[in-house]
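Positions are given from 1, in the same order as the sequence printed here.
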Amino acid sequence: MLAGVVVLLVFILPYTIMFFGSVKTKAQIRSVDPTYFPTEWHWENYLTMWSTPETPLVQNLISTIVISVFATLLVLAVAMPAAYYTARFRFPGRMVFLFLVIVTQMLQPAVLTSGLFRQFVGLGLVDTWAAMILINAAFNLSFAVWIMHSFFAGVPKEIDEAAQIDGAGRLTVLFRIQLPLVWPGIVTAIVFTFVACWNEFAASLVILSTAGNQPLSVALTKFVGQYETSWHYVFGVSVVAIIPVVVLFMLIEKRLVGGLTAGSVK
């Protein structure tokens with residue numbers, strides 16, 4: 001228990017300092033005699049940061065939500081049938097296909113930004129949400145396929161055969177029989193995909209040039225200047241940015257834990 005408390009404090013301390021910094025003034029943060037706790041609590045920072053000239057934060061938040069949600073939905077739409085098919089059927093080149101899928105996990109947007117930029121220039125999708133939805137979906141697809149593949153493979157084939165004998169087609173088997181059985185794996189894929197899309201920075205910085213189209217991860221840098229940094233706004237935006245992720249984890253914590261540990265008991 002003591003070790004658990006120590007680990008909790010180590011992980012929660014940066015967020016606590018960030019929260020206290022978000023309700024300080026710029027002068028308090030830059031004081032030569034700094035304090036952890038604010039001498040005056042300036043809750044108005046959470047209101048004024050939405051109307052700062054540096055960046056349109058409301059549009060940035062909407063952009064982050066749209067890109068993350070639709071990229072996650074696109075990943076699920078592609079990964080579920082792919083994982084089901086590779087787990088249920090043996091076809092020529094199956095192992096090569098799965099190997100190539102996992103190899104793409106080693107590639108990151110930061111390494112391919114220049115190539116991605118030229119590609120989307122040719123497609124006419126530079127500085128659009130569609131470009132970032134495709135990029136985020138592409139770079140998170142391999143993880144989703146592999147995690148769901150292992151869950152589909154763990155379900156006995158006899159269940160599919162029994163459903164087909166009763167007249168169910170492949171799509172009916174997938175959506176009405178298989179999905180309820182592999183739901184923990186799907187939830188795990190959803191969480192990790194959404195968080196990765198929410199935190200993506202490098203590709204967004206290059207592909208999205210319009211301030212309103214950029215996500216919060218890029219908008220956050222607008223408060224860091226060459227000679228001066230608005231740390232109270234940096235902390236405030238950071239606190240707001242982590243709230244949706246924390247809420248998501250709280251809502252599906254039980255299913256997420258089940259998805260991460262199911263492989264040990266199958």
Side-chain angles (χ1 to χ4, degrees), residues 5-69 71 108-110 113 117 126-129 131-133 135-136 191-192 194-251:
V5 172
V6 171
V7 172
L8 175 63
L9 292 176
V10 170
F11 278 95
I12 205 172
L13 182 61
Y15 297 99
T16 304
I17 294 176
M18 184 171 64
F19 169 72
F20 287 141
S22 67
V23 292
K24 292 181 180 179
T25 62
K26 186 184 300 184
Q28 287 178 339
I29 295 176
R30 300 180 60 186
S31 173
V32 294
D33 186 20
T35 59
Y36 283 108
F37 299 100
T39 56
E40 296 180 3
W41 296 71
H42 292 269
W43 297 101
E44 68 274 9
N45 290 344
Y46 283 97
L47 297 177
T48 57
M49 71 181 188
W50 299 102
S51 57
T52 56
E54 285 84 356
T55 184
L57 276 181
V58 175
Q59 297 179 37
N60 298 140
L61 179 60
I62 295 174
S63 177
T64 307
I65 294 173
V66 170
I67 292 173
S68 301
V69 170
Q108 295 298 319
T113 48
F117 181 80
V126 171
D127 197 24
T128 63
W129 287 345
M132 292 311 306
I133 290 172
I135 290 174
N136 281 290
V191 170
F192 279 91
F194 182 83
V195 172
C197 296
W198 188 272
N199 294 329
E200 198 285 320
F201 172 78
S204 300
L205 182 64
V206 175
I207 301 297
L208 301 177
S209 56
T210 302
N213 290 340
Q214 295 172 338
L216 287 175
S217 58
V218 177
L220 192 64
T221 63
K222 303 296 181 66
F223 297 104
V224 181
Q226 183 175 1
Y227 302 105
E228 188 176 12
T229 299
S230 301
W231 287 111
H232 53 310
Y233 290 147
V234 171
F235 293 143
V237 175
S238 300
V239 170
V240 171
I242 67 174
I243 289 176
V245 178
V246 172
V247 172
L248 178 62
F249 270 91
M250 291 175 62
L251 291 176

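- Annotation: F117, atom CZ; neighbour count of heavy atoms from other residues, nucleotides and ligands within 6.0 Å does not exceed 12.
- How far CD1 of I65 is from CZ of F194: 7.5 Å, rounded to the nearest 0.5 Å.
- In this structure, N60 contributes its side chain and A211 its backbone to a donor-acceptor pair below 3.5 Å.
- The closest side-chain heavy-atom distance from Y36 to L13 is not below 4.5 Å.
- Around atom OH of Y15, no more than 12 heavy atoms belonging to other residues, nucleotides or ligands sit under 6.0 Å away.
- In this structure, Q214 CD and T221 OG1 are separated by 7.0 Å, a value rounded to the nearest 0.5 Å.
- The minimum heavy-atom distance between T52 and M49, with the atom names listed, is OG1-O, 3.2 Å.
- When side chains are defined from C-beta on, S209 does not count as touching V126, because their heavy atoms never get closer than 4.5 Å.
- Here I207 contributes atom CD1 and T113 contributes atom OG1; the two are 7.5 Å apart, rounded to the nearest 0.5 Å.
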Throw together a table of side-chain donor-acceptor distances under 3.5 angstrom for residues 229-240, partners on residues two or more places apart or in other chains.
from : atom 1 : to   : atom 2 : distance (Å)
Y233 : OH     : T48  : OG1    : 3.0
S238 : OG     : V234 : O      : 2.7

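- The shortest heavy-atom contact between N45 and S22 is ND2-O, 2.9 Å.
- Rounding to the nearest 0.5 Å places CD1 of I135 at 7.5 Å from OG of S204.
- With T55 contributing its side chain and A219 its backbone, the two residues share no donor-acceptor pair below 3.5 Å.
- Considering every non-hydrogen atom in both K24 and H42, the closest pair reads C-CD2, 4.5 Å.
- In this structure, the separation between SG on C197 and CD1 on I67 is 9.0 Å, given to the nearest 0.5 Å.
- Of all the heavy atoms in S63 and G212, the pair that sits closest is CB-O, 4.0 Å.
- Checked by atom type and distance alone, the side chain of W198 never pairs as donor or acceptor with a backbone atom of L216 at under 3.5 Å.
- Side-chain N or O atoms of N213 include none that pairs as donor or acceptor with a backbone N or O of L208 at under 3.5 Å.
- Nearest heavy-atom pair, A196 versus N136, reported as atom, atom and distance to 0.1 Å: O-OD1, 4.4 Å.
- With no hydrogens or angles considered, a side-chain donor-acceptor pair links T39 and Q28 at under 3.5 Å.
- Using cut-offs of 30° and 60° on the angle between ring planes, the pair W41 and F19 is tilted.
- Checking side-chain atoms of Q59 against main-chain N and O of L61 turns up no donor-acceptor pair under 3.5 Å.
- The neighbour count for L9 CG, taken as heavy atoms of other residues, nucleotides or ligands under 6.0 Å away, is above 12.
- A pairwise comparison of heavy atoms in L57 and W50 identifies CB-CE3, 3.4 Å as the closest pair.
- Atom CD1 of I17 sits about 11.5 Å away from atom CD1 of I12, to the nearest 0.5 Å.
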